[in-house]
Amino acid sequence: KAKLFTTLGKLDDALKAYCHGLVHDPNNSNGVAERTEVQTLQKRFQMTQKLLVDDDDHKKKKNARQALLQIEAVLKSCSQWNDALLLKMDCFIRLGRINEAYALSTKLMRLEQGQGVSDPNQLLFLRAQCLFHQGALDDSMKHLRQILSGDPDNTKAFKLVKLIRQLKKVKEDADTAYKARKYDNAVDLYTNAINVCPPDNVAFRAKLFFNRAATQNALRN
């Protein structure tokens, strides 16, 4: 029973089960070792959470790499712990491994009701981040609106909504200027869009740089 709890990530329940068993057999070396392992898993999970809370941009990727090592160690023993998978997804996003993060989000969202994560809004937010990085701004906005409909004070979701709206507006203005052959204006607008887009959104920034280069080429011709 304790091992089943561990697999599911119910570590408190696993500890209780081990402690209950050790009351009757305190010299059971296997039981003592497995209880210690569960305590280590708890520490690793907490360390992962702590590393991902740090907002220092200079340490972001370093912390994410360390967090990923910790949470992967946890998942070796807690393979069906969905909250641990959610932290792994967060690590992937911070490391720019967007496709892997998106695949994890799809897996978690397909789980039957009652078998999902403890914080559904965090899952929606991370999936929205994946879609944003993939350039699917409208799909990203759908998830963010879903979060805000139930939690209007969600600061992270509101901040990303504001950023996406600003980015969409500048890019649409740039596209309109390009189609109207107002190339000077379009170059400036694409540059503004690049400045608005976060540096870690590599894919969308690449699209903006391509559009600006195409506009500069049209301007020369």
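Both backbone and side-chain heavy atoms feed into the values below; hydrogens, waters and symmetry mates do not. Index from 1, following the sequence.
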Take Lys88 and Glu100 through the salt bridge (Lys or Arg N to Asp or Glu O under 4.0 Å) test and state the conclusion after the steps. CA-CA 10 Å; Lys88 184 176 181 178; Glu100 291 169 274; over 6 Å; no
Examine distances only and state if a side-chain atom of Asn195 and a backbone atom of Thr191 form a donor-acceptor pair shorter than 3.5 Å. yes
Close side-chain approach of Lys1 to Leu4, heavy-atom, < 4.5 Å: no
Closest non-hydrogen atom pair, Gly135 against Phe204: CA-CD1, 3.7 Å
For the hydrophobic clusters of this structure (ILVMFWY residues joined by side-chain heavy atoms under 4.5 Å, transitively), does one cluster hold both Leu86 and Leu75? yes
Find out whether Cys78 and Phe45 are in side-chain contact, i.e. whether some heavy atom of one side chain is under 4.5 Å from a heavy atom of the other. no
With rounding to the nearest 0.5 Å, note down the distance linking CG in Asp175 to CD in Glu172. 7.5 Å
Check whether any side-chain heavy atom of Gln122 sits under 4.5 Å from a side-chain heavy atom of Val117, and report yes or no. no
Side chain to side chain contact (heavy atoms under 4.5 Å, CB included) between Arg165 and Lys169, intermediate numbers included: CA-CA 6 Å; Arg165 282 176 177 164; Lys169 176 68 168 59; over 6 Å; no
Compare all side-chain heavy atoms of His143 with those of Met109 and state whether any distance is below 4.5 angstrom. yes
Taking all non-hydrogen atoms of both residues into account, name the closest pair between Leu52 and Ala64 and its distance. CD2-CA, 4.5 Å
Verify, without hydrogens or angle tests, whether Ser77 (side chain) and Ala73 (backbone) share a donor-acceptor contact under 3.5 angstrom. no
Return the CZ to CG distance between Arg35 and Leu15, rounded to the nearest 0.5 Å. 8.0 Å
Could you grab the distance from atom CZ of Arg44 to atom CD of Glu37, nearest 0.5 Å is fine? 9.5 Å
Can you tell if the side chain of Asn82 reaches within under 4.5 Å of the side chain of Leu85, non-hydrogen atoms only? yes
Test side-chain hydrogen bond (donor to acceptor under 3.5 Å, both in side chains) applied to Asp83 - qualifying residues, sequence neighbours left out: Ser118
Nearest atoms (heavy-atom pairs only) where Pro198 meets Leu163: CG-CD2, 3.7 Å
Can you check whether Asp13 reaches Leu8 side chain to side chain, under 4.5 Å on heavy atoms? no
Can you check side chain to side chain contact (heavy atoms under 4.5 Å, CB included) on Val32 and Tyr18, steps first, answer last? CA-CA 8 Å; Val32 171; Tyr18 281 122; over 6 Å; no
Full working for salt bridge (Lys or Arg N to Asp or Glu O under 4.0 Å) between Lys142 and Asp138: CA-CA 6 Å; Lys142 287 178 184 177; Asp138 290 335; over 6 Å; no
Are the side chains of Arg145 and Met141 in touch, meaning some heavy atoms are under 4.5 Å apart? yes
Any chain of hydrophobic side-chain contacts (each under 4.5 Å) joining Leu108 to Ile93? yes
Residue pair Leu167 / Ala193: nearest heavy atoms and the distance that separates them: CD1-O, 3.4 Å
Rounded at 0.5 Å granularity, tell me how far CZ in Arg94 sits from CD in Gln129. 8.0 Å
Atom CZ of Phe209: over 12 foreign heavy atoms under 6.0 Å: yes
Running the 4.5 Å side-chain criterion over Ile, Leu, Val, Met, Phe, Trp and Tyr, what cluster does Phe5 land in, apart from itself? none
What distance do Cys130 atom SG and Met89 atom CE have between them, rounded to the nearest 0.5 Å? 4.0 Å
Under a 4.5 Å side-chain heavy-atom rule over Ile, Leu, Val, Met, Phe, Trp and Tyr, are Leu104 and Leu95 clustered together? yes
Sub-4.5 Å side-chain heavy-atom contact between Arg127 and Asp139: no
CZ/Phe125 to CD1/Ile147 distance, rounded to the nearest 0.5 angstrom? 7.0 Å
Would you say Arg205's side chain and Asp200's backbone share a donor-acceptor pair under 3.5 angstrom? no
Under the side-chain hydrogen bond (donor to acceptor under 3.5 Å, both in side chains) definition, can you give me all pairs with a residue in residues 177-189, not counting sequence neighbours? none
Where Thr6 and Leu41 come nearest, the two heavy atoms and their spacing: CG2-CD1, 3.9 Å
Can you see which heavy atom on Cys91 is nearest to which on Ala67, and at what distance? SG-CB, 3.6 Å
Trp81 reachable from Leu51 in the ILVMFWY side-chain graph, under 4.5 Å edges: no
Using the rule that Ile, Leu, Val, Met, Phe, Trp and Tyr join whenever any side-chain heavy atoms are under 4.5 Å apart, tell me whether Leu189 and Leu208 fall into a single cluster. no
